[in-house]
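Below is one structure; the comments refer to it alone.
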Amino acid sequence: MSICTCRQSQVREGIHRRLFSASNLEALKNLTFDTFKPRGRVGLGQIQADTLERAYNHSKMFASSLNGWLLLKGTYGSGKTHLAAAIANQAVSLGVPTLFLTVPDLLDWMRFSYDSPQTSFEERFEEIRNIQLLILDDFGTQNSTGWAQEKLFQIVNHRYVNQLPLVVTTNMEMEQIDERIRSRLRDPELVTELKILATDFRNPAKEDTGHPELSSLDLHGQQTFGSFSLRSGQNIQPEDLRSLEKAFRAAQAFAEKPHGWLVLTGNYGCGKTHLAAAIGNYLASQGMPPLFVVVPDLLDHLRATFSPTSSTSYDRRFEEIKTTPLLILDDLGTQSTTPWAKEKLFQLFNYRYNAQVPTVITTSIKLEELDGRIQTRMLDKRLCDIYGITVPPFYETTQMTKSRRTSRRSI
């Protein structure tokens, strides 16, 4: 039975009010573009603030056009929900039928329709799939039952096939999302993906170390470019001092613009770990904390996931390590050489080589002593710059200097 023309506008208005109520946008009415701080709170690093401002600008453009999909990624409190709500509030103010829900609430809203006398499940499901603007907040926090996964895929796929506007916010890595949905979220012709690196706005005292369980960068907090010694005035051969200065300049340049691989070789105590940590500390101060890890520790972290008490799966941990935007591997070659360790390291190096992800490596062994598969990738001059530091260990020259001073005083 069709609805008469005179009542169609009333029905549409009723649906509009019901969707607005379901979206709980009344409670989010203050989350607008006017109340958003595009550069975030005071104290954000430049890179963090830049990613936030970029997300703000793209969200405003999306709200004006409602064209394509927008994927906002970031940690809790980074601003992604505020931007999604701002898009929803602007759309509603223009009369655009909009549904804004966290994904768990969306699934509950569908489940409740099974017992609803007003709306059947089929009617509600069609409303969700075809609503002019759909915003799915906190994607990935839902219960991953078979029913939930299937319904979400059907919704996302329907909007993908029909090119209907969609906004998704998530704090998950793409590899953790259902493969069928992930493939659609990665369509560059439809989806604008924005990663916000800003830390929790609601809890500014909580610093984002990037990899709190894995990174040991905090143990090297004093190792900066400013505290690095170029060893002038010590009894060291000029060519050795030049090797140290070249490595220092290369590390500074890499920190300013991380690109390709930087390999620092040399004896223990020559300064290579200090330079690697200085790169990490500089980028952390700019809002781009790297994963700094000693290679044997990295393998221990992977092994720990096999424990029955581990809260993290091996696949998730390895994915986190190999895809991190900047990886600093200290002391390559000091790990055990079991077949398992060699295979995991090769997989890690091979992924970052093919994806050309910025990586810093320090090692005290000769490159020809490394696994041949890793060696060939490190010797590719198109991607990798190698700097050999030939100065003697810092503690040796320090002891020699003290010894000479003692001898002079005794004379």
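Using a 3.5 Å distance cut-off with no hydrogens or angles, the side chains of Asn30 and Thr35 do not pair a donor with an acceptor.
Summarising the geometry of Pro290 relative to Ser215, their closest heavy-atom pair is O-OG, 3.8 Å, with the distance given to 0.1 Å. Looking at every heavy atom in both residues, Lys272 comes nearest to Thr363 through CE-O, 3.4 Å. The heavy-atom pair separating Asp240 from Ile236 by the smallest distance is CB-CG2, 3.7 Å. Nearest heavy-atom pair across Ala55 and Leu72 is CB-CD2, 4.4 Å. Nearest approach of Glu193 to Arg54, heavy atoms of both residues: O-NH1, 4.3 Å. Between Thr390 and Glu239 the shortest heavy-atom distance is OG1-O, 4.3 Å.
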Evaluate the criterion salt bridge (charged side-chain N to carboxylate O under 4.0 Å, His left out) for residue pair Glu245 and Arg242; output intermediate values, then yes/no. CA-CA 5 Å; Glu245 185 174 357; Arg242 283 194 292 271; over 6 Å; no

Quick one: do Arg184 and Asp187 satisfy salt bridge (charged side-chain N to carboxylate O under 4.0 Å, His left out)? Show the steps, please. CA-CA 5 Å; Arg184 287 150 180 79; Asp187 185 343; over 6 Å; no

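Judged by a 6.0 Å distance limit and a 45° cone about the ring axis, Arg159 is not positioned over the six-membered ring of Trp69.
Atom CZ of Arg352 is separated from atom CD1 of Ile321 by 10.0 Å, given to the nearest 0.5 angstrom. Atom CG of Asn57 is separated from atom CG of Leu83 by 10.0 Å, given to the nearest 0.5 angstrom. In this structure, the separation between NE2 on His82 and CG on Leu52 is 10.0 Å, given to the nearest 0.5 Å.
Between Phe292 and His220, the two ring planes are tilted [angle within 30° to 60°]. Using cut-offs of 30° and 60° for the angle between ring planes, the Tyr114 and Trp147 rings count as tilted.
Side-chain contact between Val357 and Thr323 is absent, with no heavy-atom pair separated by less than 4.5 Å. Side-chain contact check for Tyr268 versus Thr273: every heavy-atom pair is 4.5 Å or farther apart. In this structure, Phe394 and Gln234 have side chains that are in contact, with non-hydrogen atoms separated by less than 4.5 Å.
Residues Glu26 and Lys29 are paired through a salt bridge, judged by an N-O separation under 4.0 Å between the basic side chain and the carboxylate. The pair Asp380-Arg377 does not meet the salt-bridge criterion, since no charged nitrogen lies less than 4.0 angstrom from a carboxylate oxygen. Between Glu179 and Arg186, none of the side-chain N atoms (NZ, or NE/NH1/NH2) sits under 4.0 Å from a carboxylate O, so this pair counts as no salt bridge. A salt bridge links Glu126 to Arg129: one of the charged nitrogens lies within less than 4.0 Å of a carboxylate oxygen.
Counting heavy atoms of neighbouring residues, nucleotides and ligands inside a 6.0 Å radius, atom NZ of Lys322 exceeds 12 of them. Around CD of Glu368, the count of heavy atoms belonging to other residues, nucleotides or ligands within 6.0 Å exceeds 12. Enclosure of atom CZ in Arg316 is not indicated, since only 12 or fewer non-hydrogen atoms of other residues, nucleotides or ligands lie within 6.0 angstrom.
Phe349 pairs by the ring pair (Phe, Tyr, Trp, His ring centres under 6.0 Å) definition with Trp261, not counting sequence neighbours.
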